Amino acid sequence: MNYRMIAKILAKILVMEVALMVPGAVLEAVDHNPVGVRSYFLSWAIILFAALLLYLIGRKARHGFYAREGLVTTGLTWLLMSLLGCLPFYISREIPRYIDCVFEMVSGFTTTGSSILNDVEAMSRGMLFWRSFSHWVGGMGVLVFLMAVVPLAKENEGYTLHILRAESPGPIVGKLVPRMKQTASILYILYIALSIIDYVCLRIAGMPWFDAMCIMFGTAGTGGFGVLNSSMASYSHAAQTVTTVFMFLFGANFSVYYLLLLHRVKSVWVDEELHLYLAVIGISIALVTLNIYALYGTVRESLHQAAFQVATIMSTSGFATTDFDQWPVFSKTILLILMIGGACAESTGGGMKMSRLLMLFKTLRRNIHVNLHPHEVERVRVNERPVEEIILRNLNGYLTAYGLIVVLSMLIISLDGFSIETNLSAVLATFNNIGPGLGAVGPVHNFSGYSVLSKIVLIFNMLAGRLEIYPILILFSRTTWRRH
């Protein structure tokens, strides 16, 4: 294990985290909030001290960085950034309990949007900005951002693929262009461009600049933290419609946008994952619209509410315009299923991903065919290209880990005495980085009622879900830390 190189990368990450906190501190100064400003300065001092210690450990780092180091670095980065990034909330006492601060920060960075806050509007603007900005930072990935702006390696840039694979969502992660730094830069250019367009559209729709900025952060990162207790319900239909559209856009595979820029429309047209994504969106909206028509009385309002809620759950954003926990059971069941499916691979969304579901369907069809014709050999193909068997084996391992984590999490948090509906949706909402669930953790409630133990479990779920399970599990494996 190349501990020194890991420490060196972590030091750079912590320095970057301090820089990312600056806008929040500036807002506190503009609003003449000395407690908020002091909280940021004390947090910076602690984080920079930790960065200095890590830099001293890693200053003589040798080359040699492989898959194991990439996974460990990714897991430690997200854990360390969350544990230290929540300090402004705790020092300012705007969130008095440290475990709640960690929960809120992990929820921010993992773009989950689950919250323990009973009154969001009571927080200062500087804290709200950092809380929402964490969505935008975590949406594309903090290590991808570092690769886009800082060279992690001089002589052997190729090892950064291990980091990109560990952090990026989806079963298959490759390079858009030969050099990894260029790949990371392209991803962030697309991300920033879409974010700016979203912000401009929200301003045109009449949203105040601060609200528009925070909602844009939550939409781009598919996170869902709002600045009002009503989430998105108090804004105009135009602003809600803009957010609906962009939630779907940020839930799509970003390679689609890159191919469109290259005018490779045919490649986009035959993308099977995109077909599945659009089909699930269309069918879900149609079914929910029909099912909730009696509640809203008009097709237009029913369609508007259905589209927004399908978008927020499927893209794993977590905003809300209505209390969908009061909807008919059929519609709530659809939303619960969408929590598991999630968005596309290599998007900012969470969930199992459309690409995994696509491969599962194709593997099932292949297995049925092989049982009927045992002497034939058939490959699973996606977009007319064969999928390597190692990817299918990894998919089986992922599903096994997914099921075990859901079951064990359900068992542990059930000690708190909430209903099965509440506990199941809480686990699915955090593990799939959705935000609100059903019952006591529905869109008009929060996660504050859970015990410290349950919050730790749900924090683990958020990190494991955002990092595709393995980078977090590997941190707790004894074999990871053995000398080889």
Side-chain angles (χ1 to χ4, degrees), residues 13-14 16-25 27 36 39-40 43 47 77-92 94-95 97-117 120 123-145 167 169 191 195 210-211 213-228 231 247 250 312 315-319 348-350 429-436 441 446-448 455-456 458-467 472:
I13 287 289
L14 292 184
M16 184 186 74
E17 184 173 36
V18 168
L20 294 171
M21 286 182 177
V22 170
L27 271 175
S39 299
Y40 273 107
S43 300
I47 296 171
T77 293
W78 286 72
L79 188 59
L80 197 58
M81 282 192 69
S82 300
L83 293 174
L84 295 176
C86 71
L87 288 176
F89 301 149
Y90 183 66
I91 295 173
S92 66
E94 293 205 16
I95 303 179
R97 301 176 68 191
Y98 181 70
I99 187 64
D100 289 342
C101 296
V102 175
F103 186 98
E104 204 74 9
M105 199 75 258
V106 169
S107 184
F109 279 132
T110 60
T111 72
T112 302
S114 300
S115 180
I116 49 77
L117 294 175
V120 173
M123 293 190 77
S124 64
R125 288 203 306 168
M127 297 299 168
L128 283 175
F129 187 91
W130 172 233
R131 177 175 174 264
S132 294
F133 189 37
S134 64
H135 279 333
W136 195 87
V137 173
M140 190 59 68
V142 290
L143 288 163
V144 174
F145 177 76
E167 188 176 54
Y191 190 48
S195 299
F210 180 77
D211 297 47
M213 186 68 72
C214 292
I215 296 300
M216 176 273 287
F217 290 149
T219 306
T222 61
F225 279 155
V227 294
L228 300 178
S231 187
M247 283 190 291
F250 281 105
T312 197
S315 68
T316 72
S317 294
F319 292 118
T348 60
T430 52
F431 195 20
N432 295 296
N433 307 130
I434 305 292
V441 293
N446 57 59
F447 289 72
S448 61
K455 287 173 183 174
I456 291 172
L458 297 175
I459 286 169
F460 173 87
N461 286 349
M462 288 188 279
L463 289 168
R466 173 57 181 85
L467 298 178
I472 292 299

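In this text, all values refer to a predicted model and were calculated from it rather than measured experimentally.
Annotation for Tyr40 and Gly126: closest pair OH-O, 2.8 Å, computed over non-hydrogen atoms. Closest approach of Val441 and Asn446 over heavy atoms only: CG1-O, 3.8 Å. Smallest separation of non-hydrogen atoms from Met105 and Ser134: CE-CB, 3.3 Å.
Using bins of under 30°, 30° to 60° and over 60° for the plane-to-plane angle, the ring pair Phe447/Phe103 lands in the tilted bin.
With sequence neighbours excluded, the residues satisfying side-chain hydrogen bond (donor to acceptor under 3.5 Å, both in side chains) with Ser195 are Trp136.
Note: Met462 CE to Leu467 CG = 12.0 Å, rounded to the nearest 0.5 Å. Expressed to the nearest 0.5 Å, how far CG of Asp211 lies from CG of Leu228 amounts to 5.5 Å. Once rounded to the nearest 0.5 Å, the distance linking CD of Glu17 with CH2 of Trp130 reads 5.0 Å. Separating the CE atom in Met16 from the CE atom in Met81 is a distance of 5.0 Å, to the nearest 0.5 Å. Atom CG of residue Leu83 and atom OH of residue Tyr98 lie 4.5 Å apart, to the nearest 0.5 angstrom. Atom CD1 of residue Ile91 and atom SG of residue Cys101 lie 9.5 Å apart, to the nearest 0.5 angstrom.
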Please evaluate residues Ile116 and Lys455 with respect to the criterion side chain to side chain contact (heavy atoms under 4.5 Å, CB included), reporting the C-alpha separation (whole Å), side-chain torsions for both, the decisive distance (0.1 Å), and the verdict. CA-CA 10 Å; Ile116 49 77; Lys455 287 173 183 174; 4.2 Å; yes
